[in-house]
Chemist: 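Dropping a structure here in structure tokens format, bear with me for questions.
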Amino acid sequence: MPRELTQNRIQKIWVPTKDDKPAAPRRAAGAPHFANPPTVIVMVGLPARGKTYMSKKLTRYLNWIGMPTKVFNVGEYRREAVKNYSSYDFFKSDNECAVKIRQQCALAALRDVKSYLKDEGGQVAVFDATNTTRERRDMILQFGSENAFKIFFIESVCDDPSVIASNIMEVKVSCPDYRDCNKTDAMLDFQRRIECYKTSYQPLDPDQDLSFIKVIDVGRRFLVNRIQDHIQSKIVYYLMNIHVQPRTIYLCRHGESTDNLVGRLGGDAGLSPRGKQFSAALARFVEEQQLKDLKVWTSQLCRSIQTAEHLGVPYEQWKALNEIDAGICEEMTYDEVKEKFPEELALRDEDKYYYRYPAGESYQDLVQRVEPVIMDLERQENVLVICHQAVMRCLLAYFLDKSADEMPYLKCPLHTVLKLTPVAYGCKVESIYLNVEAANTHRDRPEEVKRGPGTLIRRNSVTPLTSPESNIKKPRIDELDEPPIQELHPSVASLALCSPSHLPLALAGQNLRRRSSSRHDLLQPCQ
Amino acid sequence: MNGAAVTQDGTEPQGGARRTLRFQRPHASVPQFTNSPTMIVMVGLPARGKTYISKKLTRYLNWIGVTTKVFNVGQYRRDATRSYNSFEFFRADNSEAMKIRKACAIAALKDVCNYFTLELGQVVVFDATNTTTERRDVILSFAKENGYKVFFVESICDDPEIIAENIKQVKLSSPDYIDCDKEEAVADFLKRIECYKLNYVPLDDNKDRNLSYIKIFNVGSRYLVNRVQDHIQSRIVYYLMNIHVTPRSIYLSRHGESELNLVGRIGGDSGLSPRGAKFASALGTYMRGQCISDLKVWTSHMKRTIQTAEALGVPYEQWKALNEIDAGVCEDMTYEEIQENYPEEFALRDQDKYRYRYPKGESYEDLVQRLEPVIMELERQENVLVICHQAVMRCLLAYFLDKTAHELPYLKCPLHTVLKLTPVAYGCKVESVFLNIEAVNTHRDKPVNVDVDREPAEALETVPDHI
């Protein structure tokens, strides 16, 4: 006898009623997840080849599509272990002390990878380090095999000196290692640092049976070997679509609509008079930006297209950019919803990301729907996207690395353009209000929200997170007074005292000071 | 927004194959996969899968709405020469034959030009060995003159087993070997390959670094991708990297008969009828009989498909993308009610069922776009059973069986019938298995009269019976 089904109240997903042990693992997502064994993505490449850039960007993308992912940057572990960086000498291959420390850092990072993937619900870990020797990579493969993790290498190869110099200027000279240096000295030291790695660099060899992608010359060419599964295939596709050309993405909503004026959800209304004013203002704004080759994208809803029409330039309509489908609540005001479906409204407030309107969509569904738009945005250069509140929140969450929890409450007011410019490892955002009054359609997270037990924590489910904070805030260094000797291999602590003369390692008791880093900076050049 | 004005204006950027150019709204957007016509040029020795890739890629591109056509130079050669004698034709020193072969390539290029300019095609797949730099330069010049983009797809394979298998699958049955016995044919074909090998110059990492191409090694274990220029090339690369040739079967089926099916209502989210439940059970028996290890089962998010899967007693995965077409304002209605409440919409749908979008709902064209990730994942997978819905199943079937947008909405996908698809040679074998449990018919043929001012009886003449 087939089991009875009930529809879970928030996501409207049909599941067998006796929920203790469903035969099918319950998938919280709109689409199945395919990365069953956890995956470790291993970056490979000389310094300043864009490894950290790719690590962070990829992590941001994977988290956004619902795959919990975290970067483990070994350089940060090194900065933790060695309080003050003095010079490139640290990286000389004959600097035995340093070599040991670096090895220990890698091992510590791998321990954390294991913990993330096994105990913390992680699906993908990005191991961001040079990993330029076969020996180091074999150690990682061994680690993967012991723990039943899949290993996928991403190697960045680039010999163009102008690209390298530009990378160094963009993210290295302002890095904590060089905080007391002037730019020229920093540049010089870093280049010497690269030389230290070059002599022992063994690029990935296609004849080994490894799964990898070699990114050559910033994406001009790719060598892809033995993709094992869905997630590796998506990672490869993503890496092949991103680029580093400077460009700007403008996100805005349609002008105020007649429905907005009365607080109606959804529907397909046209612009109000103020909405039309905004559209004209938008046209002027776009002209002032003086961009060559601006693409304009709209949804297929009237208000978004009408807004674009005022610009007098060609535009493309994407059904995928349509506003979230409010199902049975379409075209109702919030008050009407409250009256007719008070329970639905309460459920929505409880878990706005996962909540699906009956016969409608959830933010989670939106992310899936909008993903091809993101992929195409990555390929493009200057683009203006004229969309809707929920959709804009999704897109913004992708660019600004916001979690599922934050996404439905991001502020995207009418008549305001968000100008996004990629910079260093992140995205600069400028908010430009075009000075035409409009209704406020933002509903804050209600104060007393009754959070159902474990609605955000589901076994087998995937809760998109922001790219989690850097490892510097790991629990193991909670107590500033606690000697680090317990955590690090004893030999490392003793190494702290056997420093070569020019290497001012801090004393063991002091060096693991927690570094406070502001997570709210939009500009995060170096972690 | 009124369904007709939106759907038929050909403005969707992803999949707006301009198969009908009427209703083009002024100032509306244009599909932007690429701004120039693109030539995909195959490269490789015989029996390396070039034609297989050409046909499959073409099928995929057409399905997502990019008008594509294969030009197979071998076919031109067969038309130009009376009959095939032996591999001697392909010897590098056979100057007569060389002239003919070159002329065939030129003729094919001319037709490519016509396809782009007169038939408004967007992509051409130029299927030939193209193994010399000289031949490729001819193509590059031709493309440059005409403003076409060129993307090379080179297939490199040294595994003798794979080559032998290819020869067996598609060469022995080729018109060239129609009167030959198997062993002779194989021997001749191998000699033919040797003729090409002498002059084969693969795409060169250095000399050809400014060309756009993908090199496929050993049926996909490795790829080298160079200078992808635009969106369509990126999609092509992604597709090529996801397909495989491991034998497997795909089973397509609808959910068991639902309560709403019984009363002739469309859409909704009802449960199975008693007969539907019986079907679910029969489906379980049938699938077990297929003895497949590692079968994946996929359903939509709708109750009726999930209930069907539940009866199988194996894990299944739910895809929202497999949900039935959204009938918008017509959800839960019978066709009679649609005729009564929206007679014009009903007629417009009959006029262009593929592009027609229900008010506040979807069109088949939207469905295809929605289903594309499902198809991509199906390509990656091996044995899969997809339990879905009528319109969705028609879209998937159209992809596998290379049906046009015109045919797609009228493909027959009756309840309680499993379609077993097995890739074979250049296409797909399809076995239809009715599991012997009666169900209502939900298939509505196109009526004779599709005018908006037709009589209700004319509109309803093809509606299947229901309670």
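Just so you know, these numbers come straight off a predicted model, no measurement behind them. Numbered from 1 within each chain, the chains take letters A, B, ... in sequence-line order.
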Chemist: A quick test of your reading: do over 12 heavy atoms of other residues, nucleotides or ligands sit less than 6.0 Å from CG of A:D205?
Modeler: yes
Chemist: Locate the shortest heavy-atom distance separating B:D205 from A:R221; write the atom from each residue and the value.
Modeler: O-NH2, 3.1 Å
Chemist: Look only at the side chain of A:R220 and the backbone of B:N210, and say whether a donor-acceptor pair between them is shorter than 3.5 Å.
Modeler: no
Chemist: As an exercise, state the distance from OG of A:S362 to NZ of B:K320, rounded to the nearest 0.5 Å.
Modeler: 7.0 Å
Chemist: Is the shortest heavy-atom distance from the side chain of B:H231 to the side chain of A:N241 under 4.5 Å?
Modeler: no
Chemist: Let's test your reading of the structure: which of B:R227, B:M376, B:R370 forms the most heavy-atom pairs below 4.5 Å with chain A?
Modeler: B:R227
Chemist: Could you check whether any side-chain N or O of B:Q318 sits under 3.5 Å from a backbone N or O of A:W14, counting only pairs where one atom can act as donor and the other as acceptor?
Modeler: yes
Chemist: When rounded to the nearest 0.5 angstrom, what is the spacing between OG in A:S233 and CD in B:E377?
Modeler: 8.0 Å
Chemist: Could you tell me the separation between the CD atom of A:Q300 and the CG atom of B:D366, rounded to the nearest 0.5 Å?
Modeler: 7.0 Å
Chemist: Checking A:N322 against chain B: side chain, backbone, both or neither under 4.5 Å from a heavy atom?
Modeler: neither
Chemist: Do you know the tightest heavy-atom contact between B:E310 and A:P16?
Modeler: OE2-CG, 3.3 Å
Chemist: Can you check whether A:M240 reaches B:V237 side chain to side chain, under 4.5 Å on heavy atoms?
Modeler: yes
